[in-house]
Amino acid sequence: MTRLDRIMERMSRSTARGISRRSFFGRATAFGFAAAMPLLPVSRANAAQQPGETGDPQSCDYWRYCAIDGFLCSCCGGSTSSCPPGTEPSPITWVGTCRNPADGKDYVISYNDCCGKSGCGRCMCNRNEGDKPIHQPSGSNDINWCLGTQVGMIYNCSTAVVLGAAD
Amino acid sequence: MTRLDRIMERMSRSTARGISRRSFFGRATAFGFAAAMPLLPVSRANAAQQPGETGDPQSCDYWRYCAIDGFLCSCCGGSTSSCPPGTEPSPITWVGTCRNPADGKDYVISYNDCCGKSGCGRCMCNRNEGDKPIHQPSGSNDINWCLGTQVGMIYNCSTAVVLGAAD
Amino acid sequence: MKTFTALAALCLATAAPALAQLQPEELKKESLAETMQPHWVWLNDISFDRMLDGRAYLVDADSGQMLGMISSGYGHGILMLAEDGKSFAVPSTFLARGTRGERTDVVTFYKTSDLTPGAEPVIPAKRYNGMPFQSVSPVMPGGRFGLVYNFTPEQSVTVIDMQAQKMVGEYATSGCSLIYPTGPSKFFLICGDGALQSATLDAEGKVTLGKTSKKLFADDDPVTEKGVWTGSQWLFFTYSGKVHVIDHSKDVPAIAKSWSLTTPAEKDWRPGALQAAAYHRGTGRLYVLMHQGGPDTHKDPGTEIWVYDVARQTRIERIALETPALSVAVSQDDKPLLYTTMMGETDLKVRDALTGKLIRKIDGFGPTMTIIQPAPVPAK
Amino acid sequence: MKTFTALAALCLATAAPALAQLQPEELKKESLAETMQPHWVWLNDISFDRMLDGRAYLVDADSGQMLGMISSGYGHGILMLAEDGKSFAVPSTFLARGTRGERTDVVTFYKTSDLTPGAEPVIPAKRYNGMPFQSVSPVMPGGRFGLVYNFTPEQSVTVIDMQAQKMVGEYATSGCSLIYPTGPSKFFLICGDGALQSATLDAEGKVTLGKTSKKLFADDDPVTEKGVWTGSQWLFFTYSGKVHVIDHSKDVPAIAKSWSLTTPAEKDWRPGALQAAAYHRGTGRLYVLMHQGGPDTHKDPGTEIWVYDVARQTRIERIALETPALSVAVSQDDKPLLYTTMMGETDLKVRDALTGKLIRKIDGFGPTMTIIQPAPVPAK
């Protein structure tokens, strides 16, 4: 059983069998959020890349986006791992597994939505590698995951955060 | 002084010098509204034409649209002289003067907005013959004239109602 | 149109009608027929990049004319069409400051004839938000109740009394998803582990959960959420193109039979899209959006529509599409029309459903149309 | 970006950074510089066919990157930018049920650094709704007060205390339109009969109307509402291309001088568009969108930008545009950028304002962008 399977199973069990919202958030919040330092925005999207990555985070064919569905935050004032100014990350979301072409390894990617402003409208990207139907919510990119945020449910854009290696 | 000039002057005086909203509506309501009979919608747009007119009321170059700015109600479930189902006509509006190519006469056209549902999105048309700046409101197509309706201020589409000959 | 009639009479009475001066007109409000006509169709638009401004357009596919529209707030789903075609209800979500502030979910009732908002019960602010499916807010056969699927991510259903135009209540669903009605007071839900969960409504609309089936669907070839109701059975489609026919007649849902949309020789063809299939009750024909592609293409648009005789489980026809389509629907009368739309495009394509021939394109909608809803048919 | 910094350090310490396994990341929220930078620019989008979902995009014209956005409800107008570039306010209109129900107008305050809504005083639900102009909600020089133009069709102004982030009050304007600030506590309005109406604010922001000028503008060649402030004077443009320079120094506004954008030989060229002209204070240059056309073309987009030395009233240059533009603006620094957008198109075009050379196109906005707002400059 891969790590993704374990994550999916855990998330699926919790969403599929109706655990309380509080405890769901309690677990999901372990993904973590931190305040970013003010930063000049030039090439912010690229600056979010780790060493050991190649490609253009503003392009839909970027490796992390293998199961994304939405506007790329990298085109909207955020990056693959940061929300645009004034938007709030969704604490819960769907996950996928994507292969990093630079090291040939599979990584679990969390597609957290950024929320509280209306749809950014730039760099629409829909890819469905491993995407599940919505009755398997933790693997479905058809759901507006902003529903869990403090600022409400309004969808702005989607990130693609590395959670870790998939195996 | 043409009839249009007189209408414009009267409307301009009233809007430009701040008469009460009630009395403004009182005057404008003389344009009149009546309930339409239920009707099958086939060629509703054309059915609204009077004998003595030619052209396509779903086309932006139709003669009545010489000073219109918005979505043609003829494409949205209404006609040149009727609002789509569930929308409310604006009692006040801007007027223009257009020449009917079929009889070579000038007519005063009232561009009443239909209101209460969001923008129809079809047959966007902007023509500015005789259009005035917004400090001459009764001749300006830049204003959302839905502001005066009971259902609120939301703009759906624009009509082009014959008020009468211009001279 | 009294004014017009009067004018026509006047002009007929004069010798040179073309030269008669145009008469002053009165601005009117249009009305529609009391009942949704067989070739009228609702096009839902989620307005993806301006999602606060969701809407649905009502179109007459025969005349090619738009008849009217409704505005329906953030993340527009689908309409809850009454079986008699005389009214409908729309689940909607509004925030006090557009994108911010207190969330209010309502179900707004309309008459077909005037498209004017009427009763508007407030429902729990938990309505599912995302890509819409037909099972997010179906009306039960017989038309007494309508159900709204909730996801917060806790899952539940809100029951609406469609006659009284009031909310009945909200009921937990043990974490299973969506709503698949099988009778006036009976439905099932689909669970993440491949099982189906049965449920019933009592006379007042209160939901009681029944038994859960064993695992019916494989993990490595899951069924999509895009089931199709034939009027008597639900058909579910797997990613690879299997059809599972559900037997809902007993306490526990089961698979009645399974067949495949493709032959082994056609295995690079798969069903896909958003509104993937449509069923015509009179002829027993199933229309499925198909495309060529491998795994993970289950949301790709269809390049062809494959037509099946469901009773015989055989393909009748392949309809090649000029351009790919993401949604397909069929009218239920005996001269059926086949409708397709495509995300990113602005037209509705109308075909003869029996021949596949393109009749017309009606343009100017969208550009993010989702579920096509033809005129409803009463339950048998 | 602590995580990134830490990771970079980690990788520099290892011999083969390209082969290092990627590390788990934390999702962050971006912030911006405290002050709007000279080449940052706001693009307002009225979202004409989804008007409930108005917005403005903040763009860095140097990097070509979008920095963020704000959502601003029905019929989005323009931002009220504080002179120091550290904050701004947005007049907005919301209805309880999106397109229906109670109307609430507010002014929402934001800091540039976080684009997060802060104070939000409710204002009279009378805000002008229609195509936006720079004079619908200007900030007064010095930045203490901001004014919002109301049209119901009665006309008035609402005064906002930009420091206290509160509403001062609403004041009738004798039916004259829009707001043209001429000093920290002085402005005029433009009347339908071709006159200008002077007005003053007291220390608390209360408006007192002053004298009305005689008729200054001809009926057969009216001035547009699209006046341009040079930092010391207002320039108004007539349909045919005359420039009227307003003298606001006395109690009653008057025309200081008039000149023409065109020579008699160029009389088929006219100013037009929505945001028709822009002035660069450092060089005294005026940029005007010009097109060829006769009467009634005053809203046609510009095919060229004509550049004038305002002090000398002479044309310096003609900049041919690849495609027509409906809005033009210029940054106020000493390496000024010239911005254009076009209704129906989705890109911002960025030029060197001194040479006219196209530097870049930044795409993916719109498609109904209205007023371009570069970084503000403090009043002299």
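These numbers come from the heavy atoms of this one structure, side chains and all, not from hydrogens, waters or symmetry mates. So that the names make sense, note that chain A is the first sequence line, chain B the second, and so on, each numbered from 1.
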Mind listing the closest non-hydrogen atom pair of A/G164 and D/P24 along with its distance? CA-CG, 4.5 Å
Under 3.5 Å donor-acceptor, A/Q50 side chain and D/Q23 backbone: yes
If the test is side chain to side chain contact (heavy atoms under 4.5 Å, CB included), which one of A/P84, A/P89, A/P85 qualifies with D/K29? A/P89
Residues from residues 364-376 of chain D approaching chain A under 4.5 Å (heavy atoms): D/G364, D/F365
Counting only non-hydrogen atoms closer than 4.5 Å, does D/I70 touch chain A with its backbone (N, CA, C, O), its side chain (CB onward), both, or neither? both
What I'd like to find out is whether the side chain of D/E30 reaches to under 4.5 Å of the side chain of A/S79, using heavy atoms alone. yes
Which value, rounded to the nearest 0.5 Å, describes the distance between D/E25 atom CD and A/T159 atom OG1? 9.0 Å
Summary of ring-ring contact (aromatic ring centres under 6.0 Å, His included) pairs that have at least one residue in residues 97-123 of chain A, sequence neighbours excluded: A/W63-A/Y107, A/W94-A/Y111
Value for CG (A/L163) from CD (D/E26), rounded to nearest 0.5 Å, stands at 11.5 Å
Within residues 97-122 of chain D, which positions have a heavy-atom distance to chain A below 4.5 Å? D/Y110, D/D114, D/L115, D/T116
Measuring heavy-atom distances to chain A, does D/D62 have an atom under 4.5 Å in its side chain, in its backbone, in both, or in neither? neither
Could you tell me the separation between the SG atom of A/C73 and the CG atom of D/L27, rounded to the nearest 0.5 Å? 8.0 Å
Using non-hydrogen atoms and a limit below 4.5 Å, what part of residues 117-127 of chain A faces chain D? A/K117, A/S118, A/G119, A/C120, A/G121, A/R122
Take atom CD of D/E34 as the centre, draw a 6.0 Å sphere, and report whether it contains more than 12 heavy atoms from other residues, nucleotides or ligands. no
Please test A/K105 against D/L22 for side-chain contact (heavy atoms from CB on, under 4.5 Å), starting from the C-alpha separation and ending with a verdict. CA-CA 9 Å; A/K105 288 183 179 142; D/L22 301 187; over 6 Å; no
With only heavy atoms counted, which part of A/T87 is less than 4.5 Å from chain D, the side chain, the backbone, both or neither? backbone
